[in-house]
K.L.:
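Okay, here's the structure, questions in a sec.
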There are 2 protein chains.
Amino acid sequence: MTDGTDESEMPAEPTQALRFGQARLARSTALVEDYVELIADLLASGGEARSTDVAKRLGVTHPTAIKSIARLKREGLATSKPYRGIFLTEAGHELAHKVRARHRLLVELLLAIGVPLEAAEADAEGMEHHASEATLAAAAGFLAARKHRPDE
Amino acid sequence: MTDGTDESEMPAEPTQALRFGQARLARSTALVEDYVELIADLLASGGEARSTDVAKRLGVTHPTAIKSIARLKREGLATSKPYRGIFLTEAGHELAHKVRARHRLLVELLLAIGVPLEAAEADAEGMEHHASEATLAAAAGFLAARKHRPDE
DNA sequence: ACTTAAATGTAGCCTTGGCTACATTTAACC
DNA sequence: GGTTAAATGTAGCCAAGGCTACATTTAAGT
């Protein structure tokens with residue numbers, strides 16, 4: 001009630017600008033999150049994350065992957081030694097965990113409202129980076145409520 | 001059933017790379033969509049869309065807005081004459097319409113699962129660009145079904 | 001009408017995240 | 001062990017999308 005309802009008393013620009021700014025920020029963190037999530041996956045399954053694997057899975061060339069991984073290292077999320085694989089720091093693992101949980105939640109939500117699996121996975125890949133805590137909490141609540149009456 | 005379930009027969013990379021590629025493409029079109037949507041809003045309400053207004057609403061400087069608007073012109077979505085406002089082409093109007101409908105649908109969906117209004121608006125601003133036709137159709141269906149039993 | 005403020009436009013720089021081309025190192029295979 | 005293939009790393013280019021600084025044009029105020 002304090003925002004976005006009264007147009008005569010308050011200009012629309014600031015709140016809208018904030019929203020767009022938020023979306024831009026999310027876009028810039030999306031890449032980092034994708035890389036961390038993928039590296040965590042590779043470490044969990046194969047035991048090691050090599051840059052070519054990362055590049056292949058992301059659909060980019062390996063120099064691009066290396067450059068992005070350099071950013072992860074700058075931000076204290078990953079480490080690596082020349083010609084060795086990539087590893088996640090403690091912070092990297094934490095972020096990966098958070099990102100993965102969020103991804104799963106989004107996919108579950110989409111499936112619950114009737115989106116086919118492949119579309120749900122693909123859309124979640126992009127949408128997950130823009131879901132706020134409020135939305136995640138709501139999604140979790142919605143899914144929990146659904147569990148009790150799975151019909152309809 | 002034809003994809004993403006059998007890990008022994010098919011490598012995981014291609015489908016995952018496709019998903020990431022899709023998300024990247026969506027990110028690049030997101031900016032265009034935001035601008036077109038906003039310009040359409042300004043034209044509808046104020047009657048004209050000036051570059052400073054666009055910049056203010058988006059929270060960027062005006063040279064940035066102008067550069068982005070140049071991209072819209074390149075892509076045949078908008079037109080403008082020096083020191084005059086910005087206008088949308090037929091294609092621009094069509095895109096604006098599509099984008100706005102999608103935005104509203106997403107917001108409605110978030111509200112329906114219990115997300116507060118301001119968070120729903122902010123999240124939708126980012127998520128809308130990643131929602132496929134399948135997800136939009138599912139959301140519409142879900143909301144229609146909800147209408148018949150608004151309790152719980 | 002002239003002056004001044006605001007809006008619009010242009011130029012040039014930075015960072016990010018793509019890419020290709022090339023160098024180097026590791027591993028594999030006679 | 002030497003040769004070759006693959007993986008890894010580096011260099012340098014490009015486009016997009018931010019920015020500041022400055023030029024120009026329009027509109028307002030007196």
K.L.:
Can you name the nearest heavy-atom pair linking B:L109 to B:A139, along with the distance?
P.N.:
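Between these two residues, the closest heavy atoms are CD2-CB, 4.0 Å.
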K.L.:
Quick one: A:I69 CD1 to D:dA7 P, roughly how many Å, whole number?
P.N.:
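Distance, rounded to whole Å: 15 Å.
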K.L.:
How long is the line joining CG of A:L42 and P of D:dA7, in whole Å?
P.N.:
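That distance rounds to 14 Å.
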K.L.:
Please report the distance, rounded to the nearest Å, between NZ in A:K73 and P in D:dT8.
P.N.:
13 Å
K.L.:
Would you indicate whether the side-chain heavy atoms of A:L88 and A:L95 approach each other to under 4.5 Å?
P.N.:
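Counting from C-beta outward, A:L95 and A:L88 never come under 4.5 Å.
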K.L.:
Can you give one letter per nucleotide of nucleotides 12-22 of chain C, 5' to 3': B if a protein heavy atom sits under 4.0 Å from the base, S if only from the sugar-phosphate, - if neither?
P.N.:
----SBBBBB-
K.L.:
Could you tell me how far apart A:I86 (CD1) and D:dG9 (P) are, to the nearest whole angstrom?
P.N.:
7 Å
K.L.:
Please report whether the ring centroid of A:H130 lies less than 6.0 Å from that of B:H130.
P.N.:
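Yes, the ring of B:H130 comes within the 6.0 Å limit of the ring of A:H130, centre to centre.
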K.L.:
May I have the distance from A:R84 (atom CZ) to D:dT8 (atom C1'), rounded to whole angstrom?
P.N.:
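After rounding, the reported distance stands at 11 Å.
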K.L.:
Rounded to the nearest angstrom, tell me the gap between atom OH in A:Y83 and atom P in C:dA28.
P.N.:
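To the nearest whole Å, that distance equals 16 Å.
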K.L.:
Quick check against the 3.5 Å criterion: does A:T89 have a side-chain atom that pairs as donor or acceptor with the backbone of A:G76?
P.N.:
yes
K.L.:
So do B:K98 and B:E33 actually touch side chain to side chain, heavy atoms under 4.5 Å?
P.N.:
no
K.L.:
Please check this pair: side chain of A:S80 against backbone of A:G85, looking for a donor-acceptor N/O pair closer than 3.5 Å.
P.N.:
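Flag not set: sc A:S80 to bb A:G85 has no pair under 3.5 Å.
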K.L.:
Measure CZ/A:R50 against C1'/D:dA7 and give the value in whole Å, please.
P.N.:
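Between C1' of D:dA7 and CZ of A:R50: 7 Å.
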